[in-house]
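All remarks here apply to the structure that follows.
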Amino acid sequence: MLNKIDENIYELPIGYKEGMRVPGRLFISESLLEMVEPGTIEQVANVATLPGIVKYSMAMPDAHLGYGFPIGGVAAFREDGGVISPGGVGFDINCGVRLLRTDLTVEEVRPVISDLIEALFKEIPSGVGATSRLHVSDSELTEAFIAGARWAVEEGYGTEGDLEHCEENGCLKGADPSQVSTKARKRGRPQFGTLGSGNHFLEVQYVGEVYDERIARRFGLFKGQVTVMIHCGSRGAGHQICTDHLEVLAKAVRKYNIDLPDKQLACAPIGTPEATNYFGAMAAAANYAWANRQIIAHWTREVFAKYFGDVEMPLVYDVAHNVAKIEEHMVDGRLERLYVHRKGATRSFGPSRREVPQDYRDVGQPLLIPGSMGTPSYVLCGQDRALELTFGSACHGSGRIMSRSQAKKTYRGSEVKASLQREGIKVMATESAVLAEEAPEVYKPSHEVVEVVHALGLAKKVAKTIPLGVSKG
DNA sequence: ATGTCC
């Protein structure tokens, strides 16, 4: 059924499932493919049946089972005849990663890592349903939905330079706060400026290895340097927005007579009110997430300032790995406007794209690939080759191989914590169960995932960061 | 991921 067509590329032919409009493509190694559940392959095939899908239904090497679309899925739809689907974005709209760099070295930070993590844990609220020490009014929330990270910067959280180093400058155009329900606002307002739970984290790390000196220098990275990685999304706001609009889109599927192999692929034709309204609400959630990461980054800088004085902590970059965006891509020799859905997939634009910030333009955008808790993360650089293969996309992380429930049965939080402590990694979490759910063993090895995208030329390895301490939900 | 089932 899966045909190997090249090294690390497998194709799922149109004939695999009735209704497929395009083939499926998995960008994955043989050994990682063995870890992919059959259901995930099925989801790749299901996405290929959606109206207006262009080229292929794609899966990155960290692919696993998701809601409707696989996590690690990339699908692009033409404006004329295509659809937009919340399943292709995910519940945590604009879940993403940002990386701050410092001019501190691992030798300076390691001796105080325990206190530093305790301070970060205290200052940056985390956990399920955590509430913020920031109190925004309803109109301020509306402004954040519209302006994203810029709203936070204008409120004094961070600098103009931060915005230049955010994907989309930290703001998706077309956000429509009128499509955000009262319920979503009610959940999102008190959580604005919180980390969340699950695989979300704030990690103090250091650059353990540099693979490409020239690009690392361009990103401001050097061996032994301390960095901070923040991984979080749109909290209850994005979750509620997704839930609300799934309900509307389930009806739209019947209204517009769309034949779906799975109800979880609920969608609406681009241009219909249902699709436009979801897109407006999704953009609002994406902007909330960017502002959220911006606020958290600011508080992180404040904590570092207490310990290390007036330390500079520029933003290396901020990537969105759960989002749908309008982008121009070459299709059969023509430039077309496409709705690119990346769910658990990172944009990987090389030098030829004007979306890459000016100071990275000659090398490509940074990609931030978090490892699982206690394992290395990677900084990659976008490559033009990705435009040919994946609409300019690559992997987003390690990818789960064990369910949360199974992980809780298999591991104990206290033991996971002790084992990390033995490696010198300080861990703080609101709930011990989260540590069991996020045990390093429940994820695919991140280095294997990164090797595949590097070998395919989707993104280039630049540096590896090693955890010193982590604050979690 | 998520007020982990209104």
Side-chain angles (χ1 to χ4, degrees), chain A residues 40 43 62-73 85-98 125-132 141 180-202 229-247 264 266 281-282 284-286 288-290 292-293 296 319-324 341-346 370 372-373 396-409 411 413 429-439 442-443 470-473:
Chain A
T40 305
Q43 290 189 325
D62 48 343
H64 58 112
L65 208 62
Y67 180 89
F69 288 56
I71 294 163
S85 173
V89 173
F91 274 83
D92 191 5
I93 296 163
N94 190 8
C95 183
V97 186
R98 67 166 51 192
S126 62
V128 179
T131 54
S132 181
L141 189 63
V180 179
S181 68
T182 309
K183 203 172 173 184
R185 284 176 167 276
K186 205 176 166 187
R187 286 180 70 177
R189 216 169 91 167
Q191 295 181 342
F192 204 28
T194 63
L195 201 52
S197 182
N199 64 0
H200 290 164
F201 63 75
L202 188 155
M229 186 173 272
I230 296 162
H231 179 202
C232 65
S234 50
R235 309 287 286 108
H239 193 274
Q240 191 62 48
I241 284 169
C242 183
T243 305
D244 291 340
H245 285 264
L246 273 171
E247 212 172 294
Q264 293 186 353
M282 188 269 309
Y288 174 103
W290 267 312
N292 192 33
R293 291 197 286 275
I296 290 171
V319 301
H321 59 217
N322 271 8
V323 80
H341 293 58
R342 294 192 183 91
K343 181 197 197 173
T346 308
S372 57
M373 183 177 58
H396 87 303
S398 317
R400 282 196 95 84
I401 44 175
M402 189 189 288
S403 70
R404 294 187 181 279
S405 54
Q406 188 60 41
K408 275 192 277 197
K409 284 181 213 157
Y411 302 102
T430 49
E431 279 205 62
S432 172
V434 172
L435 299 179
E437 288 178 15
E438 297 299 317
V442 313
Y443 284 94
V470 54
S471 171
K472 292 190 58 69

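So you know, we letter chains A, B, ... as the sequences are listed, proteins then strands, and number each from 1.
- Between the side chains of A:H200 and A:D92, at least one donor N or O sits under 3.5 Å from an acceptor N or O.
- Distance A:F91 CZ to B:dC5 P: 12 Å, rounded to the nearest Å.
- Between A:Q406 atom CD and B:dT4 atom C1' there is a gap of 17 Å when expressed in whole angstrom units.
- Residues A:E438 and A:R404 are paired through a salt bridge, judged by an N-O separation under 4.0 Å between the basic side chain and the carboxylate.
- The CG-P distance, from A:L195 to B:dT2, rounds to 9 Å in whole Å.
- Atom NE2 in A:H239 sits about 8 Å away from atom C1' in B:dT4, given to the nearest Å.
- Across the protein-nucleic acid pair, A:D244 atom CG and B:dT2 atom P stand 16 Å apart, rounded to whole Å.
- In this model, no donor atom of one side chain and acceptor atom of the other lie less than 3.5 Å apart for A:Y411 and A:E437.
- Remark: A:R235 is in phosphate contact with B:dT2, judged by side-chain N or O atoms under 4.0 Å from OP1 or OP2.
- Residue A:G233 is classed as having no contact, given no heavy-atom separation below 4.0 Å to the nucleic acid.
- Rounded to whole Å, the distance from CZ on A:R404 to P on B:dT2 is 9 Å.
- Among the protein residues, A:S197 comes within range of the sugar-phosphate backbone only, with heavy atoms under 4.0 Å from sugar or phosphate atoms but none that close to a base.
- Here A:K408 lies out of heavy-atom contact (under 4.0 Å) with every strand.
- Between the side chains of A:S181 and A:D244, at least one donor N or O sits under 3.5 Å from an acceptor N or O.
- Remark: P of B:dT2 and NE2 of A:H200 are 5 Å apart, rounded to the nearest angstrom.
- Here B:dT2 presents its P atom at 16 Å from NZ of A:K183, a figure rounded to the nearest Å.
- Counting any heavy atom pair closer than 4.0 Å across all strands shown, A:Q191 reaches sugar-phosphate atoms only and no base atom.
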